[in-house]
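Counting starts at 1 for both ligands and their atoms, in listed order. If you read the sequence from its start, that first residue is 1, and numbering goes on from there. No hydrogens, no waters, no symmetry mates; every other heavy atom, side chains included, goes into these values.
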Amino acid sequence: MSKITAAITAVGSYVPDFVLSNQVLETLVDTNDEWITTRTGIKERRLLKEEGQGTSFMAIKAAQNLLEKANLDPKDIDLVIMATATPDMPVASTGVYVATQIGATNAFAFDLQAACSSFLYGMSTASAYIASGKYKKVLLIGADKMSSIIDYTDRATCIIFGDGAGAVLFEPNTEGLGLQDEILKSDGIGREFLKIEAGGSILPPSEETVKNKQHFVFQDGKTVFKYAVSGMADVSEKIMQRNNLAHDDINWLVAHQANRRIIDATANRMELDESKVLINIQKYGNTTSATLPLLLSDFENQLKKGDNIIFAAFGGGFTWGAIYLKWAYTKK
Ligand SMILES: CC(C)(COP(=O)(O)OP(=O)(O)OC[C@H]1O[C@@H](n2cnc3c(N)ncnc32)[C@H](O)[C@@H]1OP(=O)(O)O)[C@@H](O)C(=O)NCCC(=O)NCCS
């Protein structure tokens with residue numbers, strides 16, 4: 001029997017309608033369009049403004065978009081993995097709710113949290129379930145409502161993040177397409193540099209923590225930047241070497257959209273031509289778990305069966321890694 005690999009066979013996405021531009025941010029904090037554009041590459045981001053709605057709202061829409069495009073019966077899905085750093089609630093699981101809402105009544109579901117690397121880690125997890133032969137259809141959703149944990153008076157973070165969702169379907173492949181190799185890393189040294197201090201088991205929420213704004217994201221941007229540049233570039237270079245891939249062999253770099261300069265540094269280390277680097281950070285900012293599937297969705301028409309893609313991400317924790325995947329279809 002030929003080896004089973006896990007291939008991506010469909011993608012879907014959703015972003016909220018509300019646009020927060022750099023020009024509007026100029027009215028909220030001491031910043032300007034020129035600084036944000038040159039330091040991050042971001043021009044605008046989307047925010048979920050629907051009253052009483054959380055991450056699941058966007059995740060459901062992205063999954064429904066995929067189901068419709070792929071003409072897939074949700075009852076055929078075996079497993080739903082919900083990659084997110086902003087679950088609807090700490091308990092119960094967001095993925096379980098999403099699975100039920102989309103009609104994936106035969107699936108089991110769970111949440112996976114690895115900050116901005118959640119989706120990348122989710123690709124590894126989904127792929128392992130498929131390659132084991134246990135499951136045939138695994139829906140991986142990456143969604144985050146970052147606006148729910150951002151302080152819009154903190155210019156160090158509010159210029160960067162946005163809300164969004166994307167979804168991919170993993171299925172078995174016997175033609176050698178799909179996930180080929182992965183390097184996943186983590187290092188607890190990162191905990192001090194990118195965190196939400198309160199609301200967890202160390203510092204449960206209180207009047208005091210809210211007053212001190214400890215329920216918002218804190219980031220030491222400069223330090224995270226340094227680790228992100230070396231971390232993402234190192235694993236991307238290593239996965240190329242390990243698979244004997246020269247820069248000409250790579251068709252696309254699908255990298256976490258946190259900062260244009262981090263993506264460029266990774267692409268430079270890989271000696272990749274700019275035309276192979278997928279970018280949509282200017283439209284969405286950093287949507288955390290949604291950046292990679294939003295890229296796949298935006299550029300799906302350009303991806304061809306057999307294309308060699310390197311995925312790379314870096315996030316809080318720290319967590320980071322790279323995945324080498326052969327694309328499995330050409331969209332008609
Ligand atoms: C956050 C980030 C964009 C800041 O860019 P930076 O080039 O590191 O900027 P610095 O923090 O060094 O600040 C440079 C200057 O700009 C100023 N500045 C910071 N934020 C600003 C803003 N929003 N608008 C205008 N000026 C700003 C600083 O005060 C500093 O001024 P000074 O030189 O007079 O002291 C960048 O560090 C970053 O992208 N970090 C990593 C993000 C990331 O990858 N996260 C992990 C994945 S989730």
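- Proximity to Cys116 (heavy-atom distance under 4.0 Å) selects the following atoms of ligand 1: 47 (C), 48 (S).
- Nearest protein heavy-atom neighbour of atom 7 (O) of ligand 1: Arg39 NH2, 2.6 Å.
- Within the 4.0 angstrom cut-off, atom 1 (C) of ligand 1 has one or more protein heavy-atom neighbours.
- For atom 11 (O) of ligand 1, the nearest protein heavy atom lies 4.0 Å away or farther.
- Using a 4.0 Å cut-off between charged nitrogen and carboxylate oxygen, Asp307 and Lys326 do not count as a salt-bridge pair.
- If you look at Asn286 next to ligand 1, the close heavy atoms, those under 4.0 Å, all belong to the side chain.
- Within ligand 1, the atoms closer than 4.0 Å to a non-hydrogen atom of Asp30 are 24 (N), 25 (C), numbered from 1 in the order shown.
- Between Lys69 and Glu300 a salt bridge is recorded (basic side-chain N to carboxylate O distance below 4.0 Å).
- No side-chain donor from either of Thr157 and Gln219 sits under 3.5 Å from a side-chain acceptor of the other.
- Thr40 places none of its side-chain heavy atoms less than 4.5 Å from the side chain of Gln257.
- Looking only at protein heavy atoms, the nearest one to atom 38 (C) of ligand 1 is Asn259 ND2, 3.6 Å.
- Closer than 4.0 Å to atom 31 (O) of ligand 1 lies none of the heavy atoms of the protein.
- The aromatic rings of Phe318 and Tyr227 lie tilted to each other, with the angle between the two planes from 30° to 60°.
- Those atoms of ligand 1 with a heavy atom of Thr40 less than 4.0 angstrom away are 3 (C).
- In this structure, atom 9 (O) of ligand 1 lies nearest to the protein heavy atom Trp35 CZ2, 3.8 Å.
- Counting heavy atoms closer than 4.0 Å to ligand 1, residue Ile262 contributes side-chain atoms (C-beta onward) but none from N, CA, C or O.
- When each atom of ligand 1 is checked for a heavy atom of Phe314 under 4.0 Å away, the hits are 47 (C).
- A salt bridge is defined here as a Lys NZ or Arg NE, NH1 or NH2 lying under 4.0 Å from an Asp or Glu carboxylate O, and Lys283 with Asp298 meets this definition.
- Here Leu140 contributes atom CG and Tyr129 contributes atom OH; the two are 12.5 Å apart, rounded to the nearest 0.5 Å.
- Tested against Asp144, the residues Thr55, Thr84, Thr287, Asn286 include a single side chain to side chain donor-acceptor pair (under 3.5 Å) partner, Thr84.
- Scanning the protein heavy atoms around atom 24 (N) of ligand 1, the nearest turns out to be Thr31 OG1, 2.6 Å.
- Looking at atom 46 (C) of ligand 1, its nearest protein heavy atom turns out to be Val224 CG1, 3.3 Å.
- Atoms CZ and CZ, on Arg261 and Arg39 in that order, are 4.0 Å from each other to the nearest 0.5 Å.
- In this structure, Lys134 does not pair ionically with Asp78, as no charged nitrogen and carboxylate oxygen lie closer than 4.0 Å.
- Put simply, part of Ile160 is less than 4.0 Å from ligand 1, judged by heavy atoms.
- Within the 4.0 Å heavy-atom shell around ligand 1 one does not find Leu25.
- Within the set Met232, Lys222, Gln219, His256, the minimum heavy-atom distance to atom 43 (C) of ligand 1 is found for Gln219.
- Protein heavy atom in closest approach to atom 6 (P) of ligand 1: Arg261 NH2, 3.8 Å.
- With hydrogens and angles ignored, the 3.5 Å screen pairs no side-chain donor or acceptor of Asn65 with any backbone N or O of Lys61.
- With hydrogens left out, the protein atom closest to atom 40 (N) of ligand 1 is Gly221 O, 3.1 Å, a heavy atom.
- Interatomic distance, Leu169 CG to Ile8 CD1, rounded to the nearest 0.5 Å: 9.5 Å.
- Of the protein's non-hydrogen atoms, the one nearest atom 17 (C) of ligand 1 is Arg155 NH2, 3.7 Å.
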